[in-house]
2 protein chains.
Amino acid sequence: MENHWKMWNAECAALEPEREILALEITTQMADKWLLWTLSVLAEEGSPLRFSRIMERVEGVSQKSLTKTLRQLERDGLVTREMFPEVPPRVEYTITELGLGMLEHVRPLWLWTVQNLENFERARRKYDERRG
Amino acid sequence: MENHWKMWNAECAALEPEREILALEITTQMADKWLLWTLSVLAEEGSPLRFSRIMERVEGVSQKSLTKTLRQLERDGLVTREMFPEVPPRVEYTITELGLGMLEHVRPLWLWTVQNLENFERARRKYDERRG
DNA sequence: CGGGATCCTACCGGATACTG
DNA sequence: CAGTATCCGGTAGGATCCCG
């Protein structure tokens, strides 16, 4: 991961490279295949959710990918993980305030995109005409 | 590309699957390695920029990746491409209103992330302590 | 100059099998 | 149940060469 956006975000020009990389990592992770879906499932629930319940709601995800996704979310403080030493084991995930804040700040971008869908569709049609 | 976020964006529940996929594609592309940097370079300039000028400013990008990035941007109407049949050839790229709008709507997310960097750093430190 | 074509590598994510 | 370990195909992206 390198030093993107450098000149763009003048506000953050003073940001140390290392921290800029972190910020970049956080934001780009949001585009990971299952991340936002997983996060939004937890947000919807509001209360703790077991691994298997999450997996049911995030349709199509593999355990491997869900585990990886939840690890990332936990690592960045967007989700908390609590393990109960029972048999069979129980693990519960809960979205944090930070996680809710993230969703809150992603949504406007998503809504704007949806509102401009016709622009995007038109652009793609024109492009396909030009190129074939 | 599948049917993510399904339940999350209640506002868009009525969205046809195909259009949801498009919206998802548009937004997740923003995390592509060179896309936002390229777009921001064009936004900064404001006026048309030649391929090689862009490549200078987006430090580290290969021609292949820059070409691919610009094609995507052009395809989605975020950038226009004008070719001049000269020798040697000249190609100019210009950001569109749609492109500027996109940047405008990505920036709040970026700023929020930067403002919460210490939260993320703290979360990662704690995580590393727990896990090692 | 602005790419296209090709080769190569790293990594992502799915499928499957195994385990505390 | 909630993972970990392993294999594997597809793809993103860098490097290089070539062409109008």
Side-chain angles (χ1 to χ4, degrees), chain A residues 1-4 21 24-25 28-39 41-42 45 48-75 79-94 127 130-132, chain B residues 1-4 21 24-26 28-38 41-42 45 48-75 79-94 127 130-132:
Chain A
M1 198 68 77
E2 288 132 50
N3 209 10
H4 302 190
I21 290 170
L24 189 55
E25 210 178 307
T28 54
Q29 275 179 7
M30 293 306 116
D32 282 1
K33 194 165 182 184
W34 304 105
L35 198 142
L36 276 173
W37 196 355
T38 302
L39 199 57
V41 159
L42 288 168
E45 186 67 19
L49 261 183
R50 299 189 63 160
F51 184 88
S52 39
R53 300 296 133 257
I54 302 174
M55 193 151 157
E56 284 171 11
R57 287 171 173 74
V58 183
E59 300 163 35
V61 71
S62 63
Q63 332 87 307
K64 179 188 165 182
S65 294
L66 183 56
T67 299
K68 186 200 159 198
T69 301
L70 288 168
R71 287 284 175 283
Q72 272 178 236
L73 290 171
E74 186 200 358
R75 176 169 137 107
V79 150
T80 59
R81 174 183 188 272
E82 192 171 8
M83 226 195 80
F84 301 89
E86 311 168 357
V87 200
R90 177 164 55 106
V91 178
E92 291 185 344
Y93 294 90
T94 314
Y127 180 88
R130 281 198 303 272
R131 306 262 173 175
Chain B
M1 197 69 75
E2 287 132 50
N3 209 9
H4 303 189
I21 289 169
L24 189 55
E25 209 178 306
I26 301 281
T28 55
Q29 274 179 9
M30 294 304 117
D32 282 2
K33 192 164 181 184
W34 304 104
L35 197 142
L36 276 173
W37 195 356
T38 303
V41 159
L42 288 168
E45 186 67 19
L49 261 184
R50 301 187 62 160
F51 183 88
S52 36
R53 301 296 134 255
I54 302 174
M55 192 153 158
E56 284 170 10
R57 286 170 173 73
V58 183
E59 300 162 35
V61 71
S62 64
Q63 332 87 309
K64 179 186 166 184
S65 293
L66 183 56
T67 300
K68 186 198 160 200
T69 301
L70 288 168
R71 288 283 174 285
Q72 273 179 235
L73 290 171
E74 187 199 356
R75 176 168 137 107
V79 149
T80 60
R81 175 183 188 271
E82 193 170 7
M83 227 194 78
F84 301 89
E86 310 169 357
V87 200
R90 178 165 54 106
V91 179
E92 292 185 344
Y93 294 90
T94 314
Y127 180 88
R130 282 197 303 272
R131 305 261 174 178

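- Regarding D32(A), its CG atom lies at a distance of 15 Å from the C1' atom of dG14(C), rounded to whole Å.
- Candidate nucleotides dG3(D), dG14(D), dC1(C) were compared by shortest atom distance to the side chain of S62(B), and dG14(D) ranks first.
- Going from atom CH2 of W37(A) over to atom P of dG13(C) covers 15 Å, rounded to whole Å.
- The phosphate of dC1(D) has neither OP1 nor OP2 within less than 4.0 Å of any side-chain N or O from Y93(A).
- Whole-Å rounding puts the E25(A) CD to dC12(C) P distance at 11 Å.
- In this structure, of dG3(C), dG13(C), dC1(D), it is dG3(C) that holds the atom nearest to the side chain of R81(B).
- Positionally, the nearest nucleotide of DNA chain C for K64(A) lies more toward the 5' end than for the other of K64(A) and P88(A).
- A salt bridge links E45(A) to R57(A): one of the charged nitrogens lies within less than 4.0 Å of a carboxylate oxygen.
- For the pair F51(A) and K68(B), nearest-nucleotide mapping onto DNA chain D gives the more 5' position to F51(A).
- For the residue pair E56(B) and E59(B), the shortest heavy atom distance occurs at O-CG, 3.7 Å.
- Listed nucleotides: dG3(D), dC1(C), dG4(C). Nearest to the side chain of T67(B): dG4(C).
- OP1 or OP2 of dA2(D) has at least one side-chain nitrogen or oxygen of R50(A) nearer than 4.0 Å.
- Counting atom types as modelled, K33(A) pairs no side-chain N or O with a base atom of dG13(C) as donor and acceptor under 3.5 Å.
- The separation between E86(A) atom CD and dG3(D) atom C1' is 16 Å, rounded to whole Å.
- Nucleotide dG3(D) holds its P atom 8 Å from the CE atom of M83(A), rounded to whole Å.
- Distance Q63(B) CD to dA12(D) P: 18 Å, rounded to the nearest Å.
- Atom CD1 in I54(B) sits roughly 13 Å away from atom C1' in dC1(C) (whole-Å rounding).
- Annotation: side chain of I54(A) is in contact with side chain of L70(A) (closest heavy-atom distance under 4.5 Å).
- Note on S65(A): a side-chain N or O is less than 4.0 Å away from OP1 or OP2 of dG14(C).
- T38(A) is listed as a side-chain neighbour of L66(A), based on a closest heavy-atom distance under 4.5 Å.
- The shortest distance between side-chain heavy atoms of R81(A) and R130(B) does not fall below 4.5 Å.
- The phosphate of dG3(C) (OP1 or OP2) has a side-chain N or O of R71(B) nearer than 4.0 angstrom.
- The nearest whole Å value for the distance from the CG atom in L66(B) to the P atom in dA12(D) is 16 Å.
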